[in-house]
Amino acid sequence: MAEESSEVQSNQEIFHAHEPNDEEINRPTSNAGDVSMKMESTRETSRPYSTLEHKPSRGEIWVWYVYELCSYFVHIALIPIVFSLIIGKIVDLPSEPPRGWNTNAKGLTCRIHEMQLYERLTRRSISVGNSKVSPLEWTSISWAIGLVLASPALRFISTNLDHGQNQQAISGAATAIGAFFCLPVGFFKVTWIFPLYIAMIAVAITIATASHTRHYGLMIRGFVGPNLQRQQFPIRRGVSSQLSLFATVFGSLGTALIVAFVYYMLRIDNIFIGLWVVCIFSGLMWLAGIVHIITLRPGATLTFPLPKDHFLSIFKSHHGVGSLIVVGLSSFTSMCIFTGGVLYLVGELCLKPVFLLYFWLIYFVSPSISLPLVQPVQLLLKADAVKMHLLGLVLSLVTSGVGFQFREDNWQRHHIFIFAALQSTSTGLMHTFARVLVMDCSPAGKEGTFAMWFSWVKMVGTCLGFAVASGAAAGNVGTSFGIAFCTAAVAMVVSIYGNISDVAGAVAAGTSGEEGESNGLDNRNSIKNDENENAKKEPALPVGEEAAEEGEKDQ
C-alpha cells in the first residue's frame, strides 16, 4: 500500500491534483470505524470507472515504444510489400509483351529484371473460380479475409481487454501467432496457401494493435488522472500527443529497416529465398516486441456484469463514431497514395532500383525528423488532435492533387523526394493524432473497446486503399491519386463539419469536465476534506490511527 500511495502522490505532484489514495484511506482500523464506513460508502456509490492509474515508469514507456518499433511495419510493409513480392515470384512469368521487356508503355527504356517483376505483380495470373487475379489482388483478398475473420472477435476481445483478467494472454498470444505465421511461407510454393498466412497475420496484428492502443489510453490516465477540468485539458493534450508521436517515430524507423532488407534481398540470385528470409526476420522482430506484455495494465475490475452491448459503446459516442470514420478514410488515403506511387515509379518511370530504395528510406525515415519538429508548433498554437489530423489530410490532398495533375509527365527525382517527404509526414500525422483523438473520446473503463474498433477500422481502410491502388488502378496512377484526393476531401469535410473535438469528446466521455462540475473523484475529495475537519474537531481520531499503524507494524 505504501508503494501505491507513493505512485499516486507522484501523479499529484506533477499535475497539482490532490487525489486521495482510496486503499490508504480505507484501511481497517478499530478506532476509525466511522470514517472508514463513510469512505467505503463513497467508493461504492461513486462511478465504477473512476479508479486511479499509477503513473507510467520510464521503462514502461520505452517498452511501449519498442512494441511500435517491432510491429508497425506489419500492415505497412510486411503484408503489402513482402507478401506481394513472394507471391509474385511463385506465379509463372508472363509472356513477353510485343514492345519487349526493355520498354514500358510510356516508351521509356527499362531494365528487364524490374519490368518482369512488375509484370508478375500486376498481371492477372492466379485462377480464382472462373476469373483470374494478380498477386497484388490476391494479397488484398487474403488481407480482407483476415479482417472478416477478426470481426467476430471484436466483442470478446474488447470486453476482455477492458475488464477481464487475460489482457497479457490475449496480447501475447496474438503476437506469437502472428509471428509464427511469418515463418513457414517458403515451405510450399503454391499461391492457394497464402490466404491462410496473410489472414492469420491480419487477425493477429488487429488484436495486438488494439491491446497496444488500450495500454496507451491507460498510460495517459496514469499521467493526468481520471478527470481534468476543461481548462486543464492542454496537460492531457501534451502528454498524449508526445507519447503517440514518438511511438510513430519508432514505428517508422522499424519499417525503414524492413524495406532496406527487402531491397537487399531483391538483388540476390534466389529472390524467393531472400524474401522468405525477410519474412522470417520480420516474424522474429515482431516476436521480440512481445516483451511489452509484462507492462500491460489490468485496468478496472467490475463486480457487476457488463452490458451485452459493451463492445458497441463507441457507437453511443458522437465523437467516437466521427473519429472512426476519419480514421478509416485517412488510412485508405495514405495506403492508396503510397501503393499507387510505388507502382508508378517502378512500372511507368522505370527508375533505377537504388532510387526505389532512396524513396522508401525517405518515406519511412522522414517522420522521425518532421514529427518531433511539429509538436512544439502544435503546443505553441494550442492545436488539438482534430486540427493536427486535418494538417495531415491537407498534405495528402496536396500530394495526391499534384500527382493527379502531372500524371502524364515524367517526374524529376527531386520532385519525387519532396513528394515522399510530404506524404510520409502526412501519414505520420494522421496515424499519430487519429490514435490521440480516439483515446480522448474513450470513457475510463472502455479503452479496450474503443481501441479494438480503432485498430479494426484502421486495418480495413488500409486494406481497401491497397486493394484499389493495386487492383483496377494498377498501372494508372491518375486513378489512384484521384480516388485518394476525393477520399481525403471527404475526410476533411467530416472532420470540419462533423463537430468532432477531442475536448468535447473527453467531456462527453467523463474524463474531462466543466469548471465546477462534480464527479466521483470530487466526491472523494470532499469526503477527504470532511475527514480532515473531523480530525481537527476530534483529536482522539489520529491517536487511534497511529495505534492501528503501530499494530500493523508489530504484525
Side-chain angles (χ1 to χ4, degrees), residues 3 7 53-79 82 153 157 160-162 164-184 200-223 239-240 242-261 277-299 364 367-368 431-432 435 439 447-448 451-452 454-455 458-459:
E3 181 180 356
E7 290 171 339
E53 290 287 340
H54 61 80
K55 177 189 173 185
S57 65
R58 182 173 298 180
E60 180 180 357
I61 296 172
W62 277 104
V63 170
W64 190 75
Y65 288 156
V66 166
Y67 185 75
E68 188 90 356
L69 173 74
C70 297
S71 64
Y72 180 69
F73 67 87
V74 174
H75 74 285
I76 296 295
L78 178 62
I79 296 178
V82 179
I157 298 298
N160 280 272
L161 285 179
D162 279 329
Q165 299 297 322
N166 302 311
Q167 290 92 348
Q168 290 179 320
I170 291 172
S171 180
T175 302
I177 291 173
F180 170 79
F181 277 94
C182 294
L183 307 182
M200 293 306 299
I201 291 173
V203 173
I205 190 60
T206 301
I207 296 173
T209 301
S211 176
H212 181 66
T213 306
R214 171 193 171 271
H215 190 184
Y216 163 71
L218 293 183
M219 286 197 299
I220 295 174
R221 186 144 59 93
F223 272 116
V239 171
S240 59
Q242 183 172 354
L243 287 175
S244 185
L245 186 146
F246 281 100
T248 303
V249 168
F250 276 85
S252 298
L253 293 177
T255 308
L257 175 63
I258 295 298
V259 296
F261 198 14
V277 172
V278 174
C279 199
I280 293 175
F281 176 79
S282 300
L284 295 176
M285 183 175 173
W286 189 6
L287 187 62
I290 203 173
V291 68
H292 84 291
I293 68 171
I294 64 177
T295 63
L296 288 181
R297 296 168 175 243
F364 292 114
S368 64
H431 174 72
T432 296
R435 177 165 49 193
M439 286 295 100
E447 290 91 352
M452 191 71 223
F454 164 78
S455 176
K458 183 175 180 61
M459 294 299 169

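This chain uses plain numbering: 1 for the first residue, then up along the sequence.
Between H212 and R435 there is a side-chain heavy-atom pair separated by less than 4.5 Å. The shortest side-chain heavy-atom distance between T206 and V203 does not fall under the 4.5 Å cut-off. Between W64 and T295, the closest side-chain pair of non-hydrogen atoms is not below 4.5 Å. Under the 4.5 Å side-chain criterion, counting only non-hydrogen atoms from C-beta, I207 is in contact with M452. With a 4.5 Å cut-off on side-chain heavy atoms, Y216 and S240 count as touching.
To the nearest 0.5 Å, atom CD1 of residue I201 and atom CH2 of residue W286 are 6.0 Å apart. Here S57 contributes atom OG and M219 contributes atom CE; the two are 9.5 Å apart, rounded to the nearest 0.5 Å. The distance from the OG atom of S171 to the CG atom of N166 is 12.0 Å, given to the nearest 0.5 Å. Between the CD1 atom in I170 and the CD1 atom in I157 there is a gap of 4.5 Å [rounded to 0.5 Å]. Of the inter-residue distances, the one linking L218 atom CG with L296 atom CG reads 9.5 Å to the nearest 0.5 angstrom. The CD atom of E68 sits 7.5 Å away from atom OG of S244, with the distance rounded to the nearest 0.5 Å.
No side-chain donor-acceptor contact under 3.5 Å links S211 and H292.
Counting all heavy atoms, side chain and backbone alike, Q167 lies closest to R214 at NE2-NH2, 3.8 Å. Minimum interatomic distance between A208 and A174 (heavy atoms only, all atoms of both residues): N-CB, 4.1 Å. Minimum heavy-atom separation, G283 to C182: CA-CB, 3.7 Å. When all heavy atoms of A210 and A451 are compared, the closest pair comes out as O-CB, 3.2 Å.
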query = After noting the C-alpha distance and the side-chain angles of E60 and H215, does the key distance pass the side chain to side chain donor-acceptor pair (under 3.5 Å) rule?
reply = CA-CA 10 Å; E60 180 180 357; H215 190 184; 2.7 Å; yes
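The side-chain contact (heavy atoms from CB on, under 4.5 Å) search around Q242 returns F246, Q375, not counting sequence neighbours. Every residue two or more places apart in sequence or in another chain that forms a ring-ring contact (aromatic ring centres under 6.0 Å, His included) with F281 is listed here: F261. Partners of L287 by side-chain contact (heavy atoms from CB on, under 4.5 Å), not counting sequence neighbours, listed by chain and number: A176, A179, I290. The ring-ring contact (aromatic ring centres under 6.0 Å, His included) check on F250 picks up W62, Y65, with sequence neighbours excluded.
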Under 3.5 Å, sequence neighbours excluded: what are the donor-acceptor pairs made by side chains of residues 69-79?
unit_1	atom_1	unit_2	atom_2	d
S71	OG	Y67	O	2.6
H75	ND1	Y72	O	3.4

Scan the side chains in residues 252-260 for donor-acceptor partners under 3.5 Å anywhere in the protein, sequence neighbours excluded, and list what turns up.
unit_1	atom_1	unit_2	atom_2	d
S252	OG	T248	O	2.9
T255	OG1	G251	O	2.9

